[in-house]
Amino acid sequence: MKIHFWGVRGSLPTPIVPEQIQSKIMAVVQRIQPSDLENGETRARFVASLPDWILGTTGGNTPCVEIQDGNTEIILDAGTGIRVLGKNPSNITSNHFHLFFSHFHWDHIQGLPFFDQAYNPNTVFDIYSAKENTEELLREQMKHPYYPVGFDSLTKNMTFHNVKQGQAFQVDSFKVNCCNMSHPGISTCYAFEKDGKKVVYATDVELKTKDFASNPECAAVFKDADIIILDSQYTVEEAYRKANWGHSAFCYAVDFAVHWNIKKIYLFHHEPTYDDKKLDSILNSARWYANYINHSSIQIELAKEGTEINL
């Protein structure tokens, strides 16, 4: 299966601002030496040596993750990242989309009206969530005066599925399990399994003691996963200050992965006030923490727009 990040930012879209670009330029100027400018080869070597936070950007679109396998198209949440997916039709292998919603806060639904394929009458949607009134919730954001085009302008080929934790189901050749986690209004986590591989999508989660309990519902979703895409929005200090806001600190994410024997973490749902340098420092701190607790074998990465994973 192939996993692609189209939106990784939490809470609201966060475009890079001029001051951040200037900061990156200044960081390059501070590092460069006359020997780096001698010829094309030295210049290329210098650019390749720059840290990721200078050379690129994590991205500012809100959550949208795509899982592909053959003609199976799974989309996890419809934040503003789904608009970017729709603008890249060559990446799409089917006009049949399985769209999963973790919950219905703005940053997870606001991109759907901008998803080009949704207006194609031949497009087919199977839509999954833990809410029984999903269609009503999606219709609301497209009502006047919030949006100029109504929900009925979208494809009529929509089927809504109400998922329940502890009840596994099939999406094509994928086995899917889900469980509800601590977040204002509840957020649903999903596990997708195929051919002995498992990827978990666990955004907007405030990890609590109960989430480390070995109950069957959590075990079915998290235990022995190959990859978890996990809410890691805060530092510990922020997590204390923002208790019950519904998000986790990066070190809690590492502890959670250790507990459930998960091989690889993608830190996700990034705090909108954090720039690329701050996010890079969180990544390095998470890796240091994993080593500190003697679990350096866990792979830790930062979820970045445009990243593609083959599992």
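The analysis underlying the following values was restricted to heavy atoms, covering all of them including side chains, and did not include hydrogens, waters or symmetry mates. The structure displayed is predicted, hence computed values, not measured ones. The residues of the chain are indexed from 1 along the displayed sequence.
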**Q** Do we see a donor-acceptor contact under 3.5 Å between the side chains of Asp224 and Asn261?
**A**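 Asn261 and Asp224 do have a side-chain donor-acceptor pair below 3.5 Å.
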
**Q** At what distance, to the nearest 0.5 angstrom, does CH2 of Trp245 lie from CG of Asp204?
**A**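 Answer for the CH2-CG pair, Trp245 versus Asp204, is 13.5 Å.
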
**Q** Do His247 and Gln233 have a side chain donor and acceptor closer than 3.5 Å?
**A**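 Note: His247 and Gln233 side chains meet the donor-acceptor criterion.
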
**Q** Using only heavy-atom distances, determine whether the side chains of Tyr128 and Asn162 contain a donor-acceptor pair under 3.5 Å.
**A**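 On atom types as modelled, these side chains do not qualify, holding no pair under 3.5 Å.
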
**Q** Taking atom types as modelled, is there a side-chain donor on Trp6 or Glu66 under 3.5 Å from an acceptor on the other?
**A**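 Indeed, the side chains of Trp6 and Glu66 share at least one donor-acceptor pair under 3.5 Å.
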
**Q** Compute whether any side-chain donor of one residue and acceptor of the other, for His96 and Asp126, lie under 3.5 angstrom apart.
**A**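 Their side chains do contain a donor-acceptor pair, which is all the 3.5 Å distance test asks for.
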
**Q** Taking NZ, NE, NH1 and NH2 as the nitrogens, is one of them in Arg83 or Asp116 under 4.0 Å from a carboxylate oxygen of the other?
**A**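 The answer is no: the pair does not qualify as a salt bridge.
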
**Q** Side-chain heavy atoms nearer than 4.5 Å, only ILVMFWY residues, links allowed to pass through others: does that put Val65 and Ile82 together?
**A**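 Unlinked, Val65 and Ile82 end up in two clusters.
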
**Q** Listing request: all salt bridge (charged side-chain N to carboxylate O under 4.0 Å, His left out) pairs with a residue in residues 20-46, at least two apart in sequence or in separate chains.
**A**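 For residues 20-46, and leaving out neighbouring residues, the salt bridge (charged side-chain N to carboxylate O under 4.0 Å, His left out) pairs sorted by first residue read Lys24-Asp276, Glu41-Arg45.
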
**Q** Return yes if some donor-acceptor pair links the side-chain N/O of Asn133 with the main-chain N/O of Glu136 below 3.5 Å, else return no.
**A**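 No, the answer is negative, given that no donor and acceptor are paired below the 3.5 Å cut-off.
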
**Q** Any donor-acceptor pair under 3.5 Å linking the side-chain atoms of Glu73 with those of Gln68?
**A**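 Glu73 and Gln68 do have a side-chain donor-acceptor pair below 3.5 Å.
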
**Q** How many angstroms lie between CD1 in Ile282 and OH in Tyr234, if you round to the nearest 0.5 Å?
**A**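 Here the interatomic distance stands at 11.5 Å.
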
**Q** In the hydrophobic clustering that connects Ile, Leu, Val, Met, Phe, Trp and Tyr at side-chain heavy-atom distances below 4.5 Å, which members other than Leu37 occupy its cluster, ordered by chain and number?
**A**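 Traced through the cluster, Leu37 reaches Val28, Ile32, Phe46, Val47, Leu50, Trp53, Ile54, Leu55.
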
**Q** Should Leu137 and Phe125 be counted in the same cluster of Ile, Leu, Val, Met, Phe, Trp and Tyr side chains packed under 4.5 Å apart?
**A**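 Yes; tracing contacts between hydrophobic side chains, which count when under 4.5 Å, links both residues.
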
**Q** Which heavy-atom pair separates Val221 from Cys178 by the least distance, and what is that distance?
**A**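 Result for this residue pair: CG2-C, 3.6 Å.
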
**Q** Just checking, is any N or O donor in the side chain of Ser35 or Gln33 under 3.5 Å from an acceptor N or O on the other one?
**A**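 Side-chain D/A pair, Ser35 to Gln33: absent.
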
**Q** Salt bridge or not between Glu238 and Arg241? Use side-chain N to carboxylate O under 4.0 Å.
**A**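 Salt bridge: yes.
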
**Q** For Asp172, what residues pass the side-chain contact (heavy atoms from CB on, under 4.5 Å) criterion, not counting sequence neighbours?
**A**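 Per chain and number, Asp172 pairs via side-chain contact (heavy atoms from CB on, under 4.5 Å) with Thr72, His98.
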
**Q** Measure the spacing between CG of Asn120 and CG of Leu154 and express it to the nearest 0.5 Å.
**A**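 Spacing of CG (Asn120) from CG (Leu154) equals 11.5 Å.
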
**Q** Decide yes or no for Thr159 and Ile127: does some side-chain heavy atom of the first lie under 4.5 Å from some side-chain heavy atom of the second?
**A**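 Thr159 vs Ile127: side chains apart.
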
**Q** Can you tell me how far OG1 of Thr58 sits from CG of Asp275, rounded to the nearest 0.5 angstrom?
**A**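 Between atom CG of Asp275 and atom OG1 of Thr58 there are 9.0 Å.
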
**Q** Measuring from Arg287:CZ to Ile300:CD1, what's the distance to the nearest 0.5 Å?
**A**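 Taking CZ in Arg287 and CD1 in Ile300, the distance rounds to 7.5 Å.
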
**Q** To check you understand the geometry: which heavy-atom pair defines the closest contact between Ile262 and Ile227, and what is its length?
**A**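 What the structure gives for the nearest pair is CG2-C, 4.3 Å.
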
**Q** Could you grab the distance from atom CG of Leu279 to atom OH of Tyr274, nearest 0.5 Å is fine?
**A**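 Answer for the CG-OH pair, Leu279 versus Tyr274, is 8.5 Å.
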
**Q** Just by distance, with hydrogens left out, do Thr134 and Ser129 show a side-chain donor and acceptor under 3.5 Å apart?
**A**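 On atom types as modelled, these side chains qualify, holding a pair under 3.5 Å.
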
**Q** Answer yes or no: is there a donor N or O on one side and an acceptor on the other, between the side chain of Glu206 and the main chain of Gly246, under 3.5 Å?
**A**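 Such a contact is found between Glu206 side chain and Gly246 backbone.
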
**Q** How close do Asp231 and Ser248 get, counting heavy atoms only, and between which atoms?
**A**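 The pair with the smallest heavy-atom distance is OD1-N, 3.3 Å.
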
**Q** Do Thr80 and Gln110 pair up side chain to side chain, a donor and an acceptor below 3.5 Å, judged on atom types alone?
**A**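 Gln110 and Thr80 do not have a side-chain donor-acceptor pair below 3.5 Å.
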
**Q** Can you give me the closest heavy-atom contact between Thr188 and Ala130, atom names plus distance?
**A**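 Here Thr188 and Ala130 meet closest at OG1-CB, 3.4 Å.
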
**Q** Can Asp107 and His269 be counted as having a side-chain donor-acceptor contact under 3.5 angstrom?
**A**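 Short answer, yes.
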
**Q** Spell out, as yes or no, whether a donor-acceptor pair under 3.5 Å connects the side chain of Glu217 to the backbone of Gly166.
**A**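 Between the backbone of Gly166 and the side chain of Glu217 there is no qualifying donor-acceptor contact (under 3.5 Å).
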
**Q** Scan side-chain atoms only and decide if Thr93 and Asn71 contain a donor-acceptor pair under the 3.5 Å cut-off.
**A**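 No - no donor-acceptor pair under 3.5 Å links their side chains.
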
**Q** With hydrophobic residues grouped by side-chain heavy-atom distances under 4.5 Å, do Ile229 and Val8 end up in a single group?
**A**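 Same cluster.
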
**Q** Please list, chain by chain and in numerical order, all residues satisfying side chain to side chain donor-acceptor pair (under 3.5 Å) with Glu193, sequence neighbours excluded.
**A**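 Counting only residues at least two positions away or on another chain, Glu193 forms no side chain to side chain donor-acceptor pair (under 3.5 Å).
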
**Q** Is it true that Glu305 and Asn61 share a donor-acceptor pair across their side chains at a distance under 3.5 Å?
**A**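 Their side chains do contain a donor-acceptor pair, which is all the 3.5 Å distance test asks for.
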
**Q** Looking at Lys198 and Asp226, does any basic side-chain N land under 4.0 Å from a carboxylate oxygen?
**A**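 Looking at Lys198 and Asp226, the cut-off is not met.
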
**Q** Check Tyr119 against Pro113 and note the closest heavy-atom contact, atom names and distance.
**A**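 Closest pair (atom of Tyr119, atom of Pro113, distance): OH-O, 2.7 Å.
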
**Q** Hydrophobic clustering (ILVMFWY, side-chain heavy atoms < 4.5 Å, transitive) - are Val236 and Val205 grouped together?
**A**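 Result: yes, single cluster for both.
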
**Q** Taking the six-membered ring for Trp and the full ring for Phe, Tyr or His, determine whether the centres of Phe100 and Tyr190 are under 6.0 Å apart.
**A**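 Yes, the ring centres sit under 6.0 Å apart.
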
**Q** Linking Ile, Leu, Val, Met, Phe, Trp and Tyr by side-chain heavy atoms under 4.5 Å, what else ends up with Tyr146?
**A**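 So far as hydrophobic clustering goes, Tyr146 is joined with none.
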
**Q** Could you list the residues that satisfy side-chain contact (heavy atoms from CB on, under 4.5 Å) with Asp211, not counting sequence neighbours?
**A**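 For Asp211 the side-chain contact (heavy atoms from CB on, under 4.5 Å) partners, ignoring immediate neighbours, are Met181, Leu207, Lys208, Phe256.
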
**Q** Strictly under 6.0 Å, is that where the ring centroids of Phe114 and Tyr147 end up?
**A**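 So the answer is yes for these two rings.
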
**Q** In the structure I gave you, are the side-chain heavy atoms of Met1 and Lys197 within less than 4.5 Å of one another anywhere?
**A**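 Of all side-chain heavy-atom pairs linking Lys197 with Met1, at least one is under 4.5 Å.
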
**Q** What pair of heavy atoms forms the shortest contact from Ser187 to His103, and how long is it?
**A**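 Minimum heavy-atom contact is OG-ND1, 3.7 Å.
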
